[in-house]
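These numbers come from the heavy atoms of this one structure, side chains and all, not from hydrogens, waters or symmetry mates. Every chain is numbered from 1 and lettered A, B, ... according to where its sequence line falls, protein lines coming before strand lines. Predicted, not measured: the structure shown is a model, and the values here were computed from it.
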2 protein chains.
Amino acid sequence: MEVLLKFKLSEHLYLRDPEQTEIGKAIVSNAIVLIFEIGFEQFTFKKLAVKINSTEPTIYRYFTSKHKLLTYILNWYWSYLEYVCKMRLAEINDPTKKMMLILEIITHHADHHTHLHDYNLDHLHHIVISESSKSYLVKEVDEINNEMMFAPLKSLCLFISEVLLTLAPKFPYPKSLASTLLETAHDQQFFSEHLPKLTDNKSRNNHKDYVLKYLTRLTFSTITDP
Amino acid sequence: MEVLLKFKLSEHLYLRDPEQTEIGKAIVSNAIVLIFEIGFEQFTFKKLAVKINSTEPTIYRYFTSKHKLLTYILNWYWSYLEYVCKMRLAEINDPTKKMMLILEIITHHADHHTHLHDYNLDHLHHIVISESSKSYLVKEVDEINNEMMFAPLKSLCLFISEVLLTLAPKFPYPKSLASTLLETAHDQQFFSEHLPKLTDNKSRNNHKDYVLKYLTRLTFSTITDP
DNA sequence: CCTTCTGTGTTAGTAATACTATCATTTGTA
DNA sequence: TACAAATGATAGTATTACTAACACAGAAGG
């Protein structure tokens with residue numbers, strides 16, 4: 001089963017819409033593989049051009065910089081996550097179960113949804129963990145933000161915060177907790193894999209399992225008034 | 001009142017110890033100012049050399065790369081934070097008050113300790129917020145970690161986790177919560193300043209105030225068994 | 001059928017970056 | 001006074017991030 005997912009992303013992210021052409025899609029899907037393999041610092045348009053049997057100027061006709069390309073990929077990912085959350089939560093009524101499913105989805109605990117689309121989800125998830133903060137931790141963050149380039153992340157965060165509010169209507173930090181859960185899902189998995197002394201995961205593997213349990217405790221304790 | 005703080009940092013971080021010479025100290029303190037001003041991406045050894053009226057090769061005799069220099073600065077910061085925590089907690093007996101003081105220190109809520117040393121603490125704090133994850137979110141993280149270059153962060157995290165354990169001896173995630181608090185202190189302040197829709201701070205300023213209150217709720221709710 | 005337009009390939013080039021090599025000079029120390 | 005260590009000065013390399021100019025191929029339209 002192949003499903004094509006397309007999301008409307010901010011036009012400030014690209015010069016030419018990569019979804020519209022074969023070469024555009026090749027740029028994005030191969031960029032995901034390449035950034036996964038060598039990391040964002042080592043990633044260059046030159047290397048990507050070689051990988052897709054094309055040239056640098058062609059890539060520059062789609063994206064003005066590698067930073068914009070990364071931001072484009074991350075926006076696709078945030079849009080995708082929100083879509084998956086909304087799909088899968090639609091069948092559930094119990095708010096607690098809804099929240100637990102959100103935690104499963106953001107930790108990729110049980111990835112039911114691989115191979116359903118153009119991009120390699122496993123690579124994408126690793127990129128999100130290791131590189132996502134590099135898209136906003138830059139001096140130009142305010143200008144980028146003004147051009148709606150973080151809208152999908154904010155939208156996802158809002159969605160999660162609304163589920164939190166159904167569980168605890170008086171909880172004063174729903175959006176901060178939502179963004180903390182998203183960030184913590186990433187950095188605790190990174191720590192568990194690379195800096196395990198910053199976590200309590202004894203097993204040296206089962207990282208997603210560990211992170212899911214930790215986030216579950218964090219969430220449900222925090223929204224319960226002490 | 002001037003106090004000189006020196007910490008023993010991993011020798012893998014530098015070629016020549018910058019604490020030992022005037023030019024070494026100038027490199028570090030001016031790097032902090034320059035990274036604060038233009039961000040780590042725009043920061044180059046060439047620009048730093050101009051600022052200290054020296055040349056690139058001189059800086060390269062101290063640090064092999066700008067990434068190592070950033071890691072050196074962050075290590076100094078983590079060592080400093082642990083030192084401040086231990087100093088100020090020594091006079092306190094109540095574990096709850098200890099933990100609250102830790103939260104004040106890591107959010108820099110009431111910076112009693114500016115101007116006490118060589119480096120500009122305010123600039124340093126901004127660097128930690130915006131750039132610290134760039135020191136470990138790299139492909140080479142495992143090799144860097146093997147060379148003890150994150151020891152001060154782990155040590156600080158362990159210290160906080162021990163305080164958490166005195167408050168809640170059965171809490172199963174003391175180290176993960178400690179690392180989460182450190183990370184969240186940074187990204188919630190960044191979000192509050194630049195992406196406020198990811199937080200619930202209504203005031204558009206008082207960022208440290210907001211983050212401290214949020215972290216306090218997060219901490220004391222989480223360690224309380226639900 | 002010819003034209004036009006759009007997208008891509010090709011080649012070339014620039015300024016800046018991240019380094020390294022060499023050698024002369026200064027400086028503190030024995 | 002002699003010596004080694006640190007620094008300065010100069011120069012150079014490979015790579016990166018990006019741009020310019022032009023040729024070509026294919027589709028669309030008259």
(message) Are more than 12 heavy atoms, taken from residues, nucleotides or ligands other than K197(A), located less than 6.0 Å from that residue's NZ atom?
(response) no
(request) Mind jotting down which residue pairs meet the side-chain hydrogen bond (donor to acceptor under 3.5 Å, both in side chains) criterion with at least one end in residues 31-44 of chain A? Sequence neighbours excluded, please. (result) E37(A)-K51(A), E41(A)-K134(A)
(request) In sequence, state the C-alpha distance, the side-chain angles, and the governing distance for Y136(A) and F191(B), and then conclude on ring pair (Phe, Tyr, Trp, His ring centres under 6.0 Å). (result) CA-CA 10 Å; Y136(A) 55 78; F191(B) 292 159; 5.6 Å; yes
(message) If you count every heavy atom of other residues, nucleotides or ligands that lies below 6.0 Å from K139(A) atom NZ, does the total exceed 12?
(response) yes
(request) Check every strand shown and say whether Y62(A) touches a base, only sugar-phosphate, or nothing at a heavy-atom separation below 4.0 Å. (result) sugar-phosphate
(message) With a cut-off of less than 4.0 Å, is there a side-chain N or O of S54(A) near OP1 or OP2 of dG9(C)?
(response) yes
(request) Give me the ring orientation class for W78(A) and H186(A): parallel if the planes are under 30° apart, tilted from 30 to 60°, perpendicular past 60°. (result) tilted
(message) For chain B and DNA chain D, what are the first and last nucleotides along the strand, 5' to 3', with at least one atom under 4.0 angstrom from a heavy atom of the protein chain?
(response) dA6(D) to dT10(D)
(request) Check the side chains of T222(B) and T222(A) for a donor-acceptor pair under 3.5 angstrom, ignoring hydrogens and angles. (result) yes
(message) Other residues, nucleotides and ligands only: do more than 12 of their heavy atoms fall within 6.0 Å of NZ on K208(B)?
(response) yes
(request) Heavy atoms under 4.0 Å is the rule here; annotate nucleotides 15-28 of chain C 5' to 3' with B where the base is hit, S where only the sugar-phosphate is, and - elsewhere. (result) --SSBBBB------
(message) For F63(B) and F45(B), I'd like to know if the aromatic rings sit close, meaning centre-to-centre distance below 6.0 Å.
(response) no
